[in-house]
Amino acid sequence: MPRAIVLDRRDNVATLIDSGQPGQACTLQGEASGELVLLQVVPFGHKVCVRATPAGGDILKYGQVIGKAAKPLAVGEHAHIHNVESARGRGDKAEG
Amino acid sequence: MVRTFLGYPRSNGTVGVRNHVAVISVMDNCNPVTRAICQAVDMTLPVTTLFVRGQYGHDLEVAFNTLAGMGRNPNIAAVLLVGLEEQTTEEVARRIRPAGKPVESINLQPHGTINAVAEGTRRALKLAVAASAARRAPCPVSSLLVGVECGGSDTTSGLTCNPTIGAMADRLVADGGSVIISETSEFLGAEHLFAARAKDEAVGKAFVEAVVRLEREAVSRGMDIRGTNPTQDNIRGGLTTIEEKALGAMAKAGTSPLRGVLAYGEAPAGKGLHFMDAPAPAVENLTAMAAAGCQLIFFGTGVGNPIGNMVAPTVKVCGNVNTLRTMADNIDFDASEILEKSAKVGAVGDRLYDFAVEVASGTRTTSELLDIRETAISRFAPTI
C-alpha cells in the first residue's frame, strides 16, 4: 500500500513516498493517520489532497500556504500544477 | 571538548580543507592556457571564467572580486593568474595578495600561447612543489565556513536531504563555525519564516528586501517564473510551486539565528549563519560561495544534480531512493533512511556532521574524483 506523509495537522495535501495507482488505498503517516483512496495515478513524491478544497482555497503543506487551488480538489485527487497555482513571481498576472 | 578536523593551517589564520594551486583565468580568452598548464602540473586546479573583457562598473567589480575570492579561499595554497595583459591581471592579483599567499601571473601578451604555457607551467610547478610541503594538522571546526545549497530538488529534498543539512548546520554553528545559505529566489513564500530568525531588525529587513527586489524584477518583466523555478525536473519530482520549493529549501539553514546578509561572493565578517543574495542556479551560486571563502559546500538533491565547485569540495546529499539507485555515482551521502526507516533527522544530521569532519580532513567527494566541477560568475549588466 502506498504511503503518504502529512507534515502539519493544518495541511490539505500529503506527499506520497511510494507511487500510487487509481483506486488504490493510501496510508497516511506523520501528523495524520488513516487511509484514503487515490483517484488518479500519483507518482512517487507527488501530492494527494487529504481534505476537500474549493477553487481559490489555500493549499497548505508544512502548515504554510504553498499556492491556491485552481480548481476544486477532492480527497484522493492528485494535487499538482494542473490544479494548484503559485501566487509568487507572477509577472503574467501583473496589472498595468 | 573542541571538535577538530585535519586541515591545512594558513599564514593568515584561516584553514584549508584542501591544498591546491589555483590557476585562474583573468578573462575568457585565457582559458585554453589555464587548462594546458593544469594538465601539465599535478595539484593545480583550473579556475576558468567566461566574459570579463567588455564588462564594466559593478558587473566588472563582481567579476574581479569573485575571481580574487576564489584565489583567497583557504583551500588554495598559491595562485597563478593567467591574463591577457598586465593591467587587468593586476586588478585581480592585488585583491588576492592581502591573503598572504604566493600570487604569480603570466600574460599572453606579448609571449604568445606556446611561451605562456611553457612559462606558466614552470611557475605552477614551483608553486606546487612549495605547496606540497604543507601538512594537515588538527584545527577547530570553528574555522569552517560551509555553504548550503540545493539543486535538482524534488519533494524528498524538503523532507530528507535539506533538513539533514540543516541539522548539520546547527551543530556546526553551535560549535562556533559558520554557514552561508543563498539562492534568493528560493525564499519566495518562506521569507516571513526566515526573516523572523534575523538577529535584529536591520538584518531581517535587508534579507526581505533582497527577496522583494528579485520578485519585483521578475514581475516587472511581465514573466511567469513557473517552469523556470520550479524547474521542469522539480515539477516532475512533485514540486508544484516556488513556495513549496522554498519551504523545503530553507530547511538547509537549520534553526540558528540569521547573523548577516551578504552580497554576491562577499565574505562574512563574523561567525554563524549568513544569507547571500545570489542567483539560485547551482554553478553561479557555488562560485559565489567559494569566493566568499567557503571551504566546503553541502548540496541537497532530489532528482539529481551532479555539479560541484572547483575550489570548495561539494558534498552531495540525497534522500530519494530512486535517485540513490540511478545516480549513485553522483551522491556522497545517503539520507533515505528518513523516509524508508523513519529515522530521525537529528540522528542523520549527526552522521552528516561526522562525514563533514571526514571530508574536511581529506575524504574526497564524487564531484572531485570525477572532476564534475564548473565555475560561472553571475552577470549583472550587459557587456559593452
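First the proteins, then the strands, lettered A, B, ... as listed; each starts at 1.
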Review point. Do side-chain atoms of Asn305(B) reach the backbone of Ile307(B) as a donor and acceptor pair under 3.5 angstrom?
Key: yes
Review point. Using non-hydrogen atoms only, which part of Val65(A) is less than 4.5 Å away from chain B: side chain, backbone, both, or neither?
Key: backbone
Practice item. Consider only side-chain N and O atoms of Asp170(B) and Thr255(B), and report whether a donor and an acceptor are under 3.5 Å apart. Key: yes
Check your understanding: Should Glu191(B) and Arg88(A) count as an ion pair when the cut-off is N to O under 4.0 Å?
Key -> yes
Check your understanding: Within the distance-only criterion (no hydrogens, no angle test), does the side chain of Asn83(A) pair as donor or acceptor with the backbone N or O of His80(A) below 3.5 angstrom?
Key -> yes
Check your understanding: Can you tell which of Ile235(B), Val321(B), Leu339(B) has the highest number of heavy-atom pairs within less than 4.5 Å of chain A?
Key -> Ile235(B)
**Study point:** Best-contacting candidate, Ile242(B), Leu239(B), Leu214(B), against chain A by heavy atom pairs under 4.5 angstrom
**Key:** Leu239(B)
Revision key, fill the gap. Of Val219(B), Thr240(B), Leu188(B), the largest count of non-hydrogen pairs under 4.5 angstrom with chain A goes to Thr240(B)
Review point. Where does Asn322(B) contact chain A at under 4.5 Å (heavy atoms): side chain, backbone, both or neither?
Key: side chain
Practice item. Return yes if a side-chain donor-acceptor contact under 3.5 Å exists between Thr53(A) and Asn12(A), otherwise no. Key: yes
Check your understanding: Which bit of Ile59(A) is near chain B, if near means a heavy-atom gap under 4.5 Å: side chain, backbone, both or neither?
Key -> neither
**Study point:** Under 4.5 Å from any heavy atom of chain B - which part of Gln29(A)
**Key:** neither
Review point. For Leu193(B), is it the side chain, the backbone, both, or neither that has a heavy atom closer than 4.5 Å to a heavy atom of chain A?
Key: side chain
Check your understanding: In terms of heavy-atom pairs under 4.5 Å with chain B, which of Arg3(A), His82(A), His78(A), Lys47(A) leads?
Key -> Lys47(A)
Review point. Below 4.0 angstrom, N of the basic side chain to O of the carboxylate: do Glu243(B) and Lys61(A) qualify?
Key: no
Practice item. Run the salt-bridge test on Lys316(B) and Asp332(B) with the 4.0 Å N-O cut-off and return the result as yes or no. Key: no
**Study point:** Max heavy-atom pair count under 4.5 Å with chain B, selected residue of Pro43(A), Ala87(A), Gly67(A)
**Key:** Ala87(A)
Check your understanding: With distance as the sole criterion, is a donor-acceptor pair present between the side chains of Asp154(B) and Asn320(B) under 3.5 Å?
Key -> yes
Study note, to complete from the structure: If one checks every heavy atom of Ile5(A) against chain B at 4.5 Å, the contacting part turns out to be side chain
**Study point:** Backbone of Asp277(B) reached by a side-chain donor or acceptor of Ser182(B) within 3.5 Å
**Key:** no
Exercise for review: Find the one option among Glu217(B), Arg221(B), Glu340(B) whose heavy-atom pairs under 4.5 Å with chain A are most numerous.
Suggested key: Glu340(B)
Point to revise | Toward chain A, the part of Arg236(B) with a non-hydrogen atom under 4.5 Å | key: backbone
Study note, to complete from the structure: Checked Gly158(B), Ser342(B), Ala190(B) vs chain A; the most non-hydrogen pairs under 4.5 Å come from Gly158(B)
